[in-house]
Amino acid sequence: VALRGCGGAWRQGWQQSAGRARPGPSPGPGPGPGVSPRGQRTAACSARGGAVPAGKSGLAPWVPVVGLEIHAQISSNSKLFSGSQVQFAAPPNSLVSFFDASLPGTLPVLNRRCVEAAVMTGLALNCSINKKSLFDRKHYFYADLPAGYQITQQRVPIAVNGSLSYSLYKDNKMSQMVTKTVRIKQIQLEQDSGKSLHDDTRSQTLVDLNRAGVGLMEVVMEHDMCCGEEAAAAARELQLILQTLGSSQAVMAEGQLRVDANVSVHHPGEPYGVRTEVKNINSIRFLAKAVDYEIQRQIEELEDGGTILNETRAFDSKLGCTVPMRDKEGKQDYRFMPEPNLPPLILYDAKSLPANMNHQQVINIDWIHERLPDLPSVKREKLVEQYGILPEHSFTLLNEEGLAEFFENVVKQTRMKPKKVIGWVLQDLLSYLKQRSLTVKESPVSYFLLADLLNLLEKEEISSTAAKHVLAELWKGEGKTPLEIVKEQKLQLLEDQKELEQICQAVIDRHENE
């Protein structure tokens with residue numbers, strides 16, 4: 001379901017500022033000059049019903065600023081620089097090559113599929129693709145990083161300067177939607193680290209290197225968001241785009257999409273406040289909660305005369321709050337340096353592609369661009385145009401995996417108008433699935449069973465009340481068709497005029513006084 005506009009529960013405790021925010025200098029990704037005027041963001045958030053809360057004194061509002069760094073695991077059979085297989089939940093340390101374990105003398109070999117996935121994602125996010133990008137070493141020492149460094153793209157990433165449009169409900173009204181845009185600073189290719197499993201009982205840490213070296217795309221979003229709902233809506237839209245492209249499965253439950261949120265607050269016209277980073281959020285719902293909680297925490301801390309530390313925090317989903325992990329006061333020196341074992345990554349377009357070049361040995365940006373599938377925004381427009389449904393219905397259809405295809409299959413198999421079908425799919429089918437935590441694929445009612453039922457209703461062989469009853473019987477998954485259930489339970493509408501008259505006459509005869 002498309003996410004609601006800014007107006008989270010935490011804001012109810014803050015007084016609304018009586019005056020409008022003053023325009024200030026333009027912010028960029030951090031403290032300093034940038035693109036989007038701060039005053040515009042303040043006014044926009046205020047217009048959506050309380051996204052810019054006043055302090056306890058009520059003198060001046062606070063402007064929350066939110067940016068995201070999203071790590072998406074690339075959908076590939078092998079790792080970024082080795083031939084090791086990529087498989088979720090494989091036995092520990094069973095998918096580790098000599099290179100993954102960083103044995104001396106091993107060298108990286110770049111995975112073509114990972115590069116194509118990054119280019120595809122960059123094009124879908126309106127980025128400029130760098131025809132020449134570079135790899136770097138980011139040094140830090142941890143048990144699950146055997147080499148002591150991560151290969152990434154710090155200086156010249158594969159894609160830069162993009163944008164992502166996302167929609168959310170305005171003022172919590174389901175019928176009103178607002179579309180917003182967040183700037184994409186860059187997309188870079190990098191290795192994932194291994195996984196550390198902390199065993200408190202035995203006071204030891206176990207290391208699983210299966211994930212070490214798996215290809216990631218890091219998508220860096222600028223600080224153009226102002227609340228949890230906006231951050232969640234942007235992350236969800238990116239997730240849909242990645243799944244549509246096939247560049248990442250983006251299953252958050254399997255760690256294939258991990259979100260870091262940078263959060264700060266300041267008064268309008270003042271410099272940005274000190275930001276905190278909430279790391280490794282693994283759920284869209286938790287992302288909204290974590291951001292809103294962190295905004296509230298920072299405002300309360302500043303109102304009480306405290307200071308905000310530049311620190312890394314984690315979101316505790318059970319407690320619903322963020323907790324400190326480590327501070328960044330002494331900024332870590334990652335000692336970035338060019339990766340000596342990898343040459344620059346050179347890409348081509350139709351104009352720059354040499355005539356005598358083997359097409360199997362190069363990556364053609366234009367060739368990939370021509371083969372991009374319809375993105376979620378285009379699919380929504382087509383659903384609205386083709387079937388006459390409401391825009392908010394198109395968001396729900398695409399947000400639930402497999403639901404749009406289910407709806408279209410029902411429409412093809414039934415005589416009922418799409419505007420009526422959508423009600424049955426969203427109100428009856430989807431609500432049942434939600435109540436039982438089932439996916440569309442797990443539904444005991446297939447699209448052709450629902451279509452058969454709606455055909456009976458459309459031909460006026462049964463009433464809408466009877467149809468609801470038949471649907472309830474279909475949920476039991478006993479293998480019966482709608483028609484069989486109707487006949488067994490005698491739910492057909494009577495069409496014989498004489499039979500109806502006899503029933504009416506019998507009722508009258510039995511109740512003469514009435």
### Query
Does CD belonging to Glu401 count more than 12 external heavy atoms closer than 6.0 Å?
no

### Query
Once the angle between the rings of His139 and Tyr149 is folded into 0 to 90°, is it parallel (under 30°), tilted (30 to 60°) or perpendicular (over 60°)?
tilted

## Note on the structure
Output for pair (Leu403 CG, Leu429 CG), nearest 0.5 Å, gives 7.0 Å

#### Entry: Any side-chain heavy-atom pair of Thr307 and Glu301 under 4.5 Å
no

### Query
Taking the six-membered ring for Trp, are Phe81 and Phe99 parallel (under 30°), tilted (30 to 60°) or perpendicular (over 60°)?
perpendicular

### Message
Testing the basics here: between Asp144 and Ser196, what is the closest heavy-atom pair and its distance to 0.1 Å?
### Response
OD2-OG, 3.2 Å

### Close side-chain approach of Glu229 and Asp292, heavy atoms under 4.5 Å
yes

### Message
With a 4.5 Å cut-off on side-chain heavy atoms, are Asn310 and Val274 touching?
### Response
yes

### Query
What are the two closest heavy atoms between Pro344 and Leu134, and how far apart are they?
CB-CD2, 3.7 Å

### Donor-acceptor under 3.5 Å (Thr106 side chain, Ser102 main chain)
no

### Message
Do Thr152 and Leu189 make a side-chain contact, defined as non-hydrogen atoms from C-beta onward lying under 4.5 Å apart?
### Response
no

### Query
Ignoring hydrogens and geometry, is there a side-chain-to-backbone donor-acceptor pair from Arg371 to Ile368 under 3.5 Å?
no

### Query
Can Gln256 and Ser248 be said to form a side chain to side chain donor-acceptor pair (under 3.5 Å), step by step?
CA-CA 8 Å; Gln256 295 174 358; Ser248 173; 5.2 Å; no

### Task
Begin from the C-alpha positions of Leu257 and Ile70 and carry the test side-chain contact (heavy atoms from CB on, under 4.5 Å) through to its verdict.
CA-CA 7 Å; Leu257 195 74; Ile70 300 179; 3.6 Å; yes

#### Entry: Backbone of Glu392 reached by a side-chain donor or acceptor of Thr396 within 3.5 Å
yes

### Task
Carefully, step by step, assess Asp199 and Thr205 under the rule side chain to side chain donor-acceptor pair (under 3.5 Å).
CA-CA 6 Å; Asp199 188 341; Thr205 295; over 6 Å; no

### Message
Can you confirm whether Arg202 is buried at CZ, in the sense that more than 12 heavy atoms of other residues, nucleotides or ligands lie under 6.0 Å from that atom?
### Response
no

### Message
Just to verify, which of Lys185, Arg183, Lys180 counts as forming a salt bridge (Lys or Arg N to Asp or Glu O under 4.0 Å) with Asp224?
### Response
Arg183

### Summary
Exactly one candidate in Thr179, Asn126, Val182, Leu375 meets side-chain contact (heavy atoms from CB on, under 4.5 Å) with Ser165; the answer is Thr179

#### Entry: Student check: side-chain heavy atoms of Ile299 and Leu302 closer than 4.5 Å
no

### Message
Rounded at 0.5 Å granularity, tell me how far CZ in Phe135 sits from OG in Ser133.
### Response
5.5 Å

#### Entry: Contact check, side chains of Ser76 and Val86, non-hydrogen atoms, under 4.5 Å
no

### Full working for side-chain contact (heavy atoms from CB on, under 4.5 Å) between Val63 and Val265
CA-CA 5 Å; Val63 181; Val265 297; over 6 Å; no

### Task
Would you mind reporting whether Pro157 and Val160 have side-chain heavy atoms less than 4.5 Å apart?
yes

### Task
State whether the side chain of Gln150 and the backbone N or O of Lys138 hold a donor-acceptor pair below 3.5 Å, judged by distance alone.
no

### Task
Could you tell me whether Lys195 and Asp208 make a salt bridge, using a distance below 4.0 angstrom between a side-chain N and a carboxylate O?
no

### Message
Please evaluate residues Gln298 and Thr276 with respect to the criterion side chain to side chain donor-acceptor pair (under 3.5 Å), reporting the C-alpha separation (whole Å), side-chain torsions for both, the decisive distance (0.1 Å), and the verdict.
### Response
CA-CA 9 Å; Gln298 292 188 20; Thr276 58; 3.0 Å; yes

### Query
Ignoring hydrogens and geometry, is there a side-chain-to-backbone donor-acceptor pair from Glu218 to His71 under 3.5 Å?
no

## Note on the structure
Shortest non-hydrogen pair, Glu400 vs Arg236, comes out as N-NH2, 4.2 Å

### Lys/Arg N to Asp/Glu carboxylate O, Glu277 vs Arg275, below 4.0 Å
no

### Task
Rounded to the nearest 0.5 Å, what's the gap from OG1 on Thr322 to CZ on Arg297? Could you check?
5.0 Å

### Query
Counting N and O atoms only, with roles assigned by atom type, does the side chain of Asp374 sit under 3.5 Å from a partner on the main chain of Lys379, one being a donor and the other an acceptor?
no

### Query
For the side chain of Ser84 and the backbone of Ser97, is there at least one donor-acceptor N/O pair under 3.5 Å apart?
yes

### Task
Find the distance between CE (Met217) and OG (Ser75) and round it off to the nearest 0.5 Å.
9.0 Å

### Query
Do other residues, nucleotides or ligands put more than 12 heavy atoms under 6.0 Å from the CG atom of Asn77?
no

### Message
Side chains of Leu372 and Leu245, heavy atoms from C-beta outward: is any pair under 4.5 Å?
### Response
yes

### Message
Students often mix this up, so state it plainly: with edges at 30° and 60°, are the rings of Phe286 and Phe315 parallel, tilted or perpendicular?
### Response
tilted

### Contact summary for Leu287 and Ala231, nearest pair of heavy atoms
CD2-O, 3.6 Å

### Task
Inspect the surroundings of CZ in Phe98 and state if more than 12 heavy atoms from other residues, nucleotides or ligands are less than 6.0 Å away.
no

### Query
Quick one: does Asp136's side chain have a donor or acceptor within less than 3.5 Å of a partner on Gln154's backbone?
yes

#### Entry: Under 3.5 Å donor-acceptor, Asn210 side chain and Leu95 backbone
yes

### Lys NZ or Arg CZ of Arg155 over Phe336 ring: under 6.0 Å, within 45°
no

### Task
Taking only Lys NZ, Arg NE, NH1 and NH2, and the carboxylate oxygens of Asp or Glu, determine whether Asp260 and Lys279 approach each other closer than 4.0 Å.
yes

### Task
Heavy atoms only: give me the nearest Ala72-Leu242 pair and the separation to one decimal.
CB-CD1, 3.7 Å

### Task
Apply the test side-chain contact (heavy atoms from CB on, under 4.5 Å) to residues Val219 and Leu68: give CA-CA distance (whole Å), side-chain angles for both, the deciding distance (0.1 Å), then the verdict.
CA-CA 8 Å; Val219 181; Leu68 300 179; over 6 Å; no

### Message
For a side-chain contact (heavy atoms from CB on, under 4.5 Å) check, start with the C-alpha distance between Val115 and Ile158, then their side-chain angles and the critical distance, and finish with the verdict.
### Response
CA-CA 9 Å; Val115 177; Ile158 195 167; 4.0 Å; yes

### Query
His266 and Trp62: ring pair (Phe, Tyr, Trp, His ring centres under 6.0 Å), yes or no, with the steps?
CA-CA 6 Å; His266 64 276; Trp62 289 99; 8.6 Å; no

### Query
Does Ser193 offer a backbone N or O that forms a donor-acceptor pair with the side chain of Arg211 under 3.5 Å?
yes

### Message
On a heavy-atom basis, which atom in Cys227 and which in Val291 lie closest, and how many Å separate them?
### Response
C-CG1, 3.8 Å

### Query
Could you state the interatomic distance from CG (Leu397) to CD (Glu405), rounded to the nearest 0.5 Å?
12.0 Å

### Query
When rounded to the nearest 0.5 angstrom, what distance separates CD in Gln153 from CD in Glu339?
11.5 Å

